[in-house]
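To keep things clear, I will list the structure first and then write my remarks on it.
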Amino acid sequence: MRQQRCHVAGAMVLPSLLQLVAVAVLPAAAAGGAAGRCTTSTPVKTYAKCIALPTQGATLAWTYDARNATLDAAFTGSFISPSGWVAWGINKDAPAMTGARVLAAFSDPTTGALLALPFLLSPDVKLQASPLVSRPLDIPLLASSASLVGPARTVRDGATVTIAATIRLSPNRTKLHFLWNRGLYVQGYSPTIHPTDASDLASHATVDILTTATEASPTASVTLQWTHGSLNALSWGFLLPVGAAVARYLRPCASTGPAWFYAHVVIQATGYTLGAAGFALGLVMGSASPGVTYKLHRGLGIAAATAGSLQTLAMLFRPKTTNRYRRYWKSYHHLVGYGCVVVGVVNVFQGFEVMGLGASYWKLGYCMALATLVGGCVALEVNAWVVFCRRQQEEKLMRREVEDVVVKDRAAAF
């Protein structure tokens, strides 16, 4: 009867879990921030040329005077928080944040007036080693200002701002690296770190101010992002935990025979294959998006892929059940396997944050699938301990009965 109950419990839980696989498959939605529609006419003045920047709905208008190498420009972006900031600037060396000279617009914490302060983004700012402090720029900034556009009187979510600046450039240097971004908070007069969605990390472009030719930051295609997210959520985040549960809870059921082993191998092999494909797509996406780096997500992905590969290789060196080293191999197999499952699940949640799906229905669906799996494991774990305790009690009673019989036989012999 105990074996039958164990078999029935496994048969009821696993199909319900596998039915939720479709819920766990999440397309990694493309980060928002479509390009806006540019205009040469701004509240500040009318310019000669304009372009729509590729992210955050930002635009840039400018007039370039080749006689004295002066760039008169106006950047237009939008706030995402009443206490937020919007920044735009130039990097002389590369389309990257480090080394950029920027103007940041935000509300004065004392008076509430709109400010436009200059900042130099040194490497320690990217590492958040110290607060960002305003300082004079080491480039010829002739004038700068910031003004709200439209009916907005104060900074609020969605309010549009124009940051204007007049800069003297090096002669005959017309290809410039521009970057822009926006954040949620300002601490005093120090802007805090901006969000790290794909559109935020890709907010830079190289523009030829004579021809308006734009070299935007290359990013991975939407199809690659969807495929990468779906494969990894299904494999590392669901199939591998299911395979581990199959081995742990169906193996003690004698009625399943060796079926648990074959089910475990098939599920884990499928999960690892899909996970390896998702990991490879992640590498392709990284090479296609230079400058866009998710350190934690990448590190966890490498750890999960390494652990999964070690598990696969370990199967080639599995000792026989009679080998004295078998118990050491089993300890290694369990430790690395459970570690791979934990890291994989954590990285799926990290992937939600990277793709900007932290409060989405995709994450809710995955949480429901994972909660169902965890609930099934808890039920099977409780059932396993109940069966174990009953078995121990029965064995204890049997030993007592045997001892009583021996004592009676000895007494009768005398």
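Positions are given from 1, in the same order as the sequence printed here.
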Passing candidate, side-chain contact (heavy atoms from CB on, under 4.5 Å) with L176, options L169, T206, V207, D208: L169

Test item: T174 side-chain N/O and L210 main-chain N/O as donor-acceptor pair under 3.5 Å: no

F178: partners by ring-ring contact (aromatic ring centres under 6.0 Å, His included), with sequence neighbours left out: W88

From OH (Y338) to CD (Q311), nearest 0.5 Å: 10.5 Å

Minimum heavy-atom distance T70-N68, with the two atoms named: OG1-OD1, 2.9 Å

Intermediate values then yes/no, side-chain contact (heavy atoms from CB on, under 4.5 Å), L184 and T192: CA-CA 8 Å; L184 292 169; T192 59; 5.7 Å; no

Y185, OH: over 12 other non-hydrogen atoms inside 6.0 angstrom: no

Side-chain donor/acceptor of W62 to backbone N/O of A74, under 3.5 Å: no

Option from W236, Y366, W362 for which ring pair (Phe, Tyr, Trp, His ring centres under 6.0 Å) with F349 holds: Y366

Where R156 and F79 come nearest, the two heavy atoms and their spacing: O-CB, 3.4 Å

R326 atom CZ: more than 12 heavy-atom contacts under 6.0 Å: yes

Flag side-chain contact, heavy atom, 4.5 Å: H194 against R182: no

F75 side chain near L53 side chain, heavy-atom distance below 4.5 Å: yes

Any side-chain heavy-atom pair of L114 and V155 under 4.5 Å: yes

Polar contact flag, side-chain donor to acceptor under 3.5 angstrom, H297-N347: yes

side-chain contact (heavy atoms from CB on, under 4.5 Å) between L231 and L281, intermediate numbers included: CA-CA 9 Å; L231 287 177; L281 287 180; 4.0 Å; yes

Min side-chain heavy-atom separation L60-C38 under 4.5 Å: no

Between T42 and T162, a side-chain donor and acceptor under 3.5 Å: no

Side-chain touch L224/V284, heavy atoms, less than 4.5 angstrom: yes

Step-by-step side-chain contact (heavy atoms from CB on, under 4.5 Å) determination, L121 to L132: CA-CA 8 Å; L121 305 185; L132 185 59; 3.9 Å; yes

Spacing of Q225 atom CD and M285 atom CE [to the nearest 0.5 Å]: 5.0 Å

Heavy atoms of other groups near Y262 OH, more than 12 under 6.0 Å: no

CD (E381) with more than 12 external heavy atoms under 6.0 Å: yes

Check: V186 main-chain N/O paired with S190 side-chain donor or acceptor under 3.5 Å: no

Between D72 and T166, a side-chain donor and acceptor under 3.5 Å: yes

Exercise: identify the closest heavy-atom pair between V161 and A146: CG2-CB, 4.4 Å

Straight-line distance of S134 OG to L115 CG, nearest 0.5 Å: 9.5 Å

Nearest heavy atoms of C340 and A307, plus distance in Å: CB-CB, 3.7 Å

Interatomic distance, L239 atom CG to T270 atom OG1 [nearest 0.5 angstrom]: 7.0 Å

Any donor-acceptor N or O pair under 3.5 Å, side chains Y47, S41: no

Intermediate values then yes/no, side chain to side chain donor-acceptor pair (under 3.5 Å), W180 and T55: CA-CA 9 Å; W180 59 97; T55 64; 3.1 Å; yes

NZ on K175 to OG1 on T211, rounded to 0.5 Å: 8.0 Å

Derivation and outcome, side-chain contact (heavy atoms from CB on, under 4.5 Å), residues R101 and D138: CA-CA 8 Å; R101 281 74 174 166; D138 55 356; 2.6 Å; yes

Side chain W329, main chain A314, donor-acceptor under 3.5 Å: yes

Heavy-atom side-chain proximity of S78 to Q56 below 4.5 angstrom: no

For L141 against A165, the heavy-atom pair lying closest together: CD1-CB, 4.0 Å

Any side-chain heavy-atom pair of R135 and L120 under 4.5 Å: yes

T372 (side chain) donor-acceptor with L370 (main chain) under 3.5 angstrom: no

Check: Y189 and T110 side chains under 4.5 Å, non-hydrogen atoms: yes

Smallest separation among heavy atoms of L373 and F238, with atom names: CD2-O, 4.4 Å

Euclidean distance, L103 CG relative to L137 CG, rounded to 0.5 Å: 6.5 Å

